[in-house]
Amino acid sequence: MKKNEKKDTFKFFDPDNSNDSAKIVLVTGGAGFIGSNFITYLINKYPDYKIINFDKLTYAGNLNNLIFIEENPNYVFVKGNVADKKDVKNVFEQFNPDFVVHFAAESHVDRSIINPDIFLQTNILGTQILLNYSREHKVKKFILISTDEVYGSIEKNKSVTEEAHLAPNNPYAASKAAADLLIRVAHQTYGQRVNIIRSCNNFGPYQFPEKFIPVMIYNALNNKELPVYGDGKNIRDWIHVEDHCRAIDLVLHKGKSGEIYNVGANNEWENLSLVEYILDKMNCSRSLISFVLDRKGHDFRYSMDSSKIKNEFGWKPAIEFEDGLAQTIMWYKSHTDWVENIHSGEYMNYYDEVYKDRNLETQ
Ligand code: NAD
Ligand code: TYD
């Protein structure tokens with residue numbers, strides 16, 4: 001932490017404001033899409049909790065996502081790398097958290113295909129370093145935010161429970177599966193109190209524009225081609241980020257240590273149908289759709305059975321897909337500054353690299 005942030009730290013630990021139920025929560029990757037939504041959710045729901053946002057601010061980290069809470073005395077941002085022991089040691093020594101909710105990751109499949117190494121550093125080594133310091137500091141609960149991708153591709157009419165074997169098919173998914181196994185080891189070998197949450201594809205405000213739904217909304221808004229990989233028949237299950245945040249809250253407070261929870265929305269869409277639906281909702285022409293060369297190792301379908309979290313905690317998605325999507329489209333329309341900031345930086349180099357030479361007509 002920098003010197004000029006000392007004042008915030010002091011307010012953060014004001015002993016006159018402390019009470020027994022107040023928890024200190026270390027959120028890693030809190031400047032990203034789901035992490036920033038989760039911090040906002042947590043601050044609103046538990047105004048006495050103290051939240052440390054520990055984030056390296058990679059291309060995907062954006063403190064503008066948290067502009068409305070940055071002055072909150074119970075919130076502190078600490079810049080740091082989960083894969084750097086020194087950074088992690090410092091943040092644990094300074095704040096001694098009760099809970100760790102670990103979102104920080106390299107999260108995009110297409111980038112992992114281009115450069116897997118950083119995915120192993122952050123997603124695997126970073127998780128182990130956090131686990132080591134969590135053990136040393138007797139953290140009461142460590143939650144890993146994992147993904148349905150660890151199960152690999154699932155045949156039509158089937159869905160997997162938490163017992164299914166892991167069969168990742170791309171570097172991102174493999175690195176997440178490895179992290180899941182390290183959580184298991186922390187519990188089995190060291191008795192650490194842990195949970196894993198495996199959610200399906202999230203959508204909603206503040207999602208980095210490289211992901212499917214924001215790419216389609218942005219391109220439609222700008223009358224650009226909408227690149228659909230392969231034949232567009234691949235299937236994903238879509239959950240609004242707030243429904244995911246509610247599930248994390250329940251698991252954090254009620255999950256039995258060592259348990260894994262699938263968080264699916266039962267809202268499966270073929271990619272092409274979803275793009276058509278988005279275009280229709282935006283009153284844009286379907287002629288903008290452009291089929292492009294498929295992703296390497298592209299998983300056909302993800303589908304989880306989420307009965308466990310439903311039966312144990314009564315969780316179910318609360319946001320209708322149609323409403324959540326309309327809200328998301330509206331959000332991107334009304335946050336052009338947020339999006340343009342990203343489009344003016346490194347992102348366009350990435351976009352060009354991933355989408356150039358992908359046009360099927362030129363293959
Ligand atoms: P994101 O890419 O939007 O954000 C990732 C955040 O992690 C960024 O703020 C980034 O700066 C930070 N980060 C990256 N490397 C770091 C490092 N070495 N040290 C500290 N911070 C670092 O990702 P997201 O979509 O919000 O996903 C968050 C988590 O949820 C990830 O673990 C991802 O695997 C998981 N997940 C995402 C989805 C989804 O649909 N987006 C679905 C299931 C699970
Ligand atoms: P993505 O948002 O990258 O999530 P994931 O691959 O982790 O599920 O992609 C969702 C689906 O959309 C996936 O099947 C790949 C496809 N896709 C496209 O067809 N075009 C695109 O430009 C992108 C980014 C994804």
Side-chain angles (χ1 to χ4, degrees), residues 27-38 53-63 65-66 78-84 87-88 91 101-113 118-119 121-123 125-127 129-130 144-150 153 169-170 172-173 175-176 179-180 196-204 206-216 218-219 225-239 241 244 248 263-264 269-272 274-275 289-295 297-302 304 351 354-355 358:
V27 177
T28 73
F33 163 47
I34 310 177
S36 59
N37 275 283
F38 182 68
N53 175 9
F54 181 71
D55 197 297
K56 184 179 164 189
L57 297 183
T58 66
Y59 75 91
N62 188 345
L63 290 177
N65 299 4
L66 293 155
V78 177
K79 187 168 180 192
N81 178 358
V82 293
D84 182 323
D87 287 357
V88 177
V91 78
V101 186
H102 179 31
F103 295 90
E106 288 294 334
S107 68
H108 193 39
V109 173
D110 291 314
R111 289 189 192 246
S112 82
I113 293 167
I118 186 70
F119 285 71
Q121 282 285 330
T122 294
N123 301 2
L125 183 62
T127 300
I129 291 174
L130 286 167
L144 174 70
I145 307 303
S146 185
T147 163
D148 56 3
E149 300 206 20
V150 299
S153 193
N169 290 317
N170 61 64
Y172 162 70
S175 68
K176 294 296 287 185
D180 282 25
I196 297 172
I197 297 174
R198 294 182 180 143
S199 102
C200 60
N201 285 61
N202 285 226
F203 72 99
Y206 299 107
Q207 183 161 36
F208 194 82
E210 68 194 352
K211 303 282 167 41
F212 182 66
I213 287 185
V215 164
M216 300 307 158
Y218 179 84
N219 286 12
E225 286 187 347
L226 275 56
V228 172
Y229 297 168
D231 59 6
K233 298 281 181 206
N234 302 63
I235 295 170
R236 296 292 183 265
D237 182 15
W238 291 97
I239 190 170
V241 63
H244 185 193
I248 299 169
V263 175
W269 287 79
E270 284 187 355
N271 291 339
L272 179 58
L274 182 48
V275 173
I289 293 172
S290 160
F291 291 96
V292 299
L293 199 63
D294 207 355
R295 174 187 277 171
H298 194 175
D299 281 333
F300 166 60
R301 173 171 174 262
Y302 301 132
M304 295 182 295
Y351 194 90
V354 166
Y355 293 96
R358 216 162 172 154

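Just so you know, ligand 1 is whichever comes first in the structure, and atom 1 is the first atom listed for that ligand.
Between the side chain of Arg358 and the backbone N or O of Leu293, at least one donor-acceptor pair lies under 3.5 Å. Under the 3.5 Å distance criterion, the side-chain polar atoms of Asp299 are left unmatched by any main-chain donor or acceptor of Arg301. The backbone N or O of Leu226 sits nowhere less than 3.5 Å from a side-chain atom of Ser290 that would complete a donor-acceptor pair. Ser36 contributes a side-chain N or O that, together with a main-chain N or O of Phe33, makes up a donor-acceptor pair within less than 3.5 Å. Between the side chain of Asn201 and the backbone N or O of Trp238, no donor-acceptor pair lies under 3.5 Å. Between the side chain of Asn123 and the main chain of Lys176, no donor-acceptor pair closer than 3.5 Å is present. Judged by distance alone, with hydrogens and angles left aside, the side-chain atoms of Asp237 form no donor-acceptor pair with the main-chain N or O of Gly264 at under 3.5 Å. Judged by distance alone, the side chain of Asn53 and the main-chain N or O of Gly30 form a donor-acceptor pair under 3.5 Å. At distances below 3.5 Å, at least one donor-acceptor pair connects side-chain atoms of Asn202 with backbone N or O atoms of Cys200. Between the Ser153 side chain and the Phe300 main chain, a donor and an acceptor come within less than 3.5 Å of each other.
Asn234 and Asn271 are not linked by any side-chain donor-acceptor pair at a separation below 3.5 angstrom, with hydrogens and angles left out of the test. Under 3.5 Å, the side chains of Tyr59 and Arg111 contain a donor-acceptor pair of N or O atoms. In summary, the side chains of Lys211 and Ser107 do present a donor paired with an acceptor at a separation below 3.5 Å, with no hydrogens or angles considered. Under 3.5 Å, the side chains of Asp110 and Tyr229 contain a donor-acceptor pair of N or O atoms. Under 3.5 Å, the side chains of Glu149 and Tyr302 contain a donor-acceptor pair of N or O atoms.
Of the polar atoms of Asn81, at least one N or O is found under 3.5 Å from an N or O of ligand 1, judged by distance alone. Where the criterion is an N or O separation shorter than 3.5 Å, residue side chain and backbone included, Glu210 fails it with respect to ligand 1. Not one N or O of Glu106 is nearer than 3.5 Å to an N or O of ligand 1, by distance alone. For a threshold of 3.5 Å applied to N or O pairs, the pair formed by Pro227 and ligand 2 contains at least one separation below that value. Polar contact with ligand 1: absent for Phe54 (N/O pair, distance under 3.5 Å). For ligand 1, one of its N or O atoms has an N or O atom of Lys176 under 3.5 Å away. Taking only nitrogen or oxygen atoms, main chain and side chain alike, Ile34 reaches within less than 3.5 Å of ligand 1. The distance criterion of under 3.5 Å between nitrogen or oxygen atoms is not met by Ala104 with respect to ligand 1. Inclusion of Asn201 in the set of residues having an N or O under 3.5 Å from an N or O of ligand 1 is not warranted. Here's the thing with Asn271: one of its N/O atoms is less than 3.5 angstrom from an N/O atom of ligand 2. For ligand 1, the polar-atom distance check against Ser199 finds no nitrogen or oxygen pair separated by under 3.5 Å. Below 3.5 Å of separation, one finds no N or O of His102 facing any N or O of ligand 1.
Between Arg198 and Asp180 a salt bridge is recorded (basic side-chain N to carboxylate O distance below 4.0 Å).
Nearest protein neighbour of atom 9 (O) of ligand 1, counting heavy atoms only, is Asp55 OD2, 2.6 Å. For atom 12 (O) of ligand 2, the closest non-hydrogen atom of the protein is Phe212 CD1, 3.1 Å. Of the protein's heavy atoms, Asn202 N, 2.9 Å lies nearest to atom 40 (O) of ligand 1. For atom 2 (O) of ligand 1, the closest heavy atom belonging to the protein is Ser107 OG, 2.6 Å. Of the protein's non-hydrogen atoms, the one nearest atom 3 (O) of ligand 1 is Phe33 N, 3.1 Å. The protein heavy atom nearest to atom 8 (O) of ligand 2 is Arg236 NE, 2.7 Å. At the top of the distance list for atom 44 (C) of ligand 1, counting protein heavy atoms only, stands Ser146 O, 3.0 Å. Counting protein heavy atoms only, atom 21 (N) of ligand 1 is closest to Lys56 N, 3.1 Å.
Counting only non-hydrogen atoms, the option in Val228, Asp148, Val109, Asn201 that gets closest to atom 4 (O) of ligand 2 is Asn201. Among Val101, Val82, Thr58, Asn62, the residue whose heavy atom sits closest to atom 13 (N) of ligand 1 is Thr58. Relative to atom 1 (P) of ligand 2, the option among Arg295, Glu210, Arg111 with the closest non-hydrogen atom is Arg295. Closest heavy-atom approach to atom 23 (C) of ligand 2 among the candidates Tyr302, Trp269, Tyr229, Phe208: Tyr229. The residue from Ala83, Gly61, Ala105 that puts a heavy atom closest to atom 5 (C) of ligand 1 is Ala105. Among His298, Gln207, Glu149, the residue whose heavy atom lies nearest to atom 14 (O) of ligand 2 is His298.
Residue contacts with ligand 1 include Cys200, since one or more of its heavy atoms lies under 4.0 Å from the ligand. Residue contact annotation: Thr28 has no non-hydrogen atom under 4.0 Å from ligand 1. Residue contacts with ligand 1: Phe208 is excluded, as none of its non-hydrogen atoms falls under 4.0 Å.
Of all atoms in ligand 2, numbered sequentially from 1 with element shown, those under 4.0 Å from a heavy atom of His108 are 3 (O). For ligand 2, the atoms sitting less than 4.0 Å from at least one non-hydrogen atom of Tyr355 are 21 (C), 22 (O), 23 (C), 24 (C), numbered in the order shown with element in parentheses. Below 4.0 Å from some heavy atom of Ile145 lie the following atoms of ligand 1, by number and element: 30 (O), 32 (O), 35 (C). Near Gly80, meaning under 4.0 Å from one of its heavy atoms, ligand 1 places the atoms 19 (N), 20 (C). Against a heavy-atom cut-off of under 4.0 Å, Met216 is close to the following atoms of ligand 2: 20 (N), 21 (C), 22 (O). In summary, the atoms of ligand 1 found under 4.0 Å from a heavy atom of Phe103, numbered by their order in the structure, are 28 (C), 29 (C), 31 (C), 32 (O). Of all the atoms in ligand 1, the ones that sit under 4.0 Å from a non-hydrogen atom of Leu57 are 11 (O). Shown in contact with Gly32 at under 4.0 Å from a heavy atom are these atoms of ligand 1, numbered in order with element: 3 (O), 4 (O), 6 (C), 8 (C), 9 (O). Shown in contact with Ala31 at under 4.0 Å from a heavy atom are these atoms of ligand 1, numbered in order with element: 9 (O).
More than 12 heavy atoms of other residues, nucleotides or ligands sit less than 6.0 Å from atom CD of Glu270.
Within the 4.0 Å heavy-atom criterion, neither part of Ile213 lies near ligand 2. The proximity of Tyr172 to ligand 1, defined as any non-hydrogen pair under 4.0 Å, is limited to the side chain. Neither the backbone nor the side chain of Asn123 comes within contact range of ligand 1; no heavy atom lies under 4.0 Å.
Annotation: side chain of Ser199 is not in contact with side chain of Asp148 (no heavy-atom distance under 4.5 Å).
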Next on the checklist: As a quick check of understanding, evaluate side chain to side chain contact (heavy atoms under 4.5 Å, CB included) for Ile248 and Ile145, giving each step before the final call.
Outcome noted: CA-CA 8 Å; Ile248 299 169; Ile145 307 303; 3.8 Å; yes
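Shown here for Phe212 and Val275, the closest heavy-atom pair between the two residues is CZ-CG2, 3.4 Å.
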